[in-house]
Amino acid sequence: MSSARITALEAEVAGLRKALASRTVIGQATGLIAARKPCTPPQAFQLLVRISQHHNIKLHVAADRLVAAFVHSLLGRRVLPADQVLWDHVDATTANDSGDSDDGFAEEVSSTSP
């Protein structure tokens, strides 16, 4: 096997490992959102996508920050304000009972929001 082929395969393996890690944290964040909100896992995933788009961050980064904030909060550690904003976005969003929305969510304006 040529060294170019080995290099290509090593790069592919590294990419697959990165993708697997990203998928894992996205699944964790989706589960946390679904547990916190009255919604299905697909709705929770759609909310995660919307949070990612709204805050202009990659999906896996939003997921990682949500999971980190949850763990820090659970352990009584300080949650970074930028990460708390993501959970505030989750809390300000409710499942749409009417089913009229394409993604199953309707934005709700919080009286505590600026």
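Scope of the values below: all heavy atoms of this structure, side chains included, with no hydrogens, waters or symmetry mates. Given the structure is predicted, the values throughout are model-derived calculations rather than measurements.
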Checklist entry - Should the ring pair Phe70 and Trp87 be called parallel, tilted or perpendicular, given that the plane angle runs from 0 to 90° and is split at 30 and 60? => result tilted

Next on the checklist: Once rounded to the nearest 0.5 Å, what's the spacing between atom OG1 of Thr40 and atom CD of Gln43?
Outcome noted: 3.5 Å

Checklist outcome for this item: Heavy-atom nearest pair, Ala34 first then Ala44, reads N-CB, 3.7 Å

Next on the checklist: Closer than 3.5 angstrom, by distance alone: can the side chain of Lys58 be matched with the main-chain N or O of Ser52 as a donor-acceptor pair?
Outcome noted: no

Next on the checklist: I'd like to know whether CZ of Arg36 has more than 12 heavy-atom contacts from other residues, nucleotides or ligands below 6.0 angstrom.
Outcome noted: yes

Checklist outcome for this item: Connected to Met1, directly or through other members, by ILVMFWY side-chain contacts below 4.5 Å are Ile6, Leu9

Checklist entry - If two hydrophobic side chains count as joined below 4.5 Å and joins carry through other members, does Val90 share a cluster with Val79? => result no

Checklist entry - To the nearest 0.5 Å, how far apart are CG in Asp88 and CD in Gln84? => result 4.5 Å

Item to check | Which residues share a side chain to side chain contact (heavy atoms under 4.5 Å, CB included) with Ser2, sequence neighbours left out | outcome: Ala4, Arg5

Item to check | Contact summary for Ile33 and Cys39, nearest pair of heavy atoms | outcome: O-SG, 4.3 Å

Checklist outcome for this item: Separation between CG (Leu86) and CG (Leu66), nearest 0.5 Å, reads 5.0 Å

Next on the checklist: Could you work out, with side chain to side chain contact (heavy atoms under 4.5 Å, CB included) as the rule, every residue matching Ile26, not counting sequence neighbours?
Outcome noted: Thr30, Phe45, Leu48, Leu59, His60, Ala63

Checklist entry - Could you state the interatomic distance from OG (Ser73) to CG (Asp83), rounded to the nearest 0.5 Å? => result 11.5 Å

Next on the checklist: Among residues at least two apart in sequence or on other chains, which ones pass side chain to side chain contact (heavy atoms under 4.5 Å, CB included) with Leu75?
Outcome noted: Val71, Arg77

Next on the checklist: side chain to side chain contact (heavy atoms under 4.5 Å, CB included) for Arg65 and Ile57? Distances and angles first, verdict last.
Outcome noted: CA-CA 10 Å; Arg65 288 175 50 189; Ile57 53 179; 3.6 Å; yes

Checklist entry - Of all residues at least two apart in sequence or in a different chain, which pass the side-chain hydrogen bond (donor to acceptor under 3.5 Å, both in side chains) check with Asp64? => result none

Next on the checklist: Tell me every residue that passes side chain to side chain contact (heavy atoms under 4.5 Å, CB included) with Arg78, counting only those two or more places apart in sequence or in another chain.
Outcome noted: Leu80, Pro81

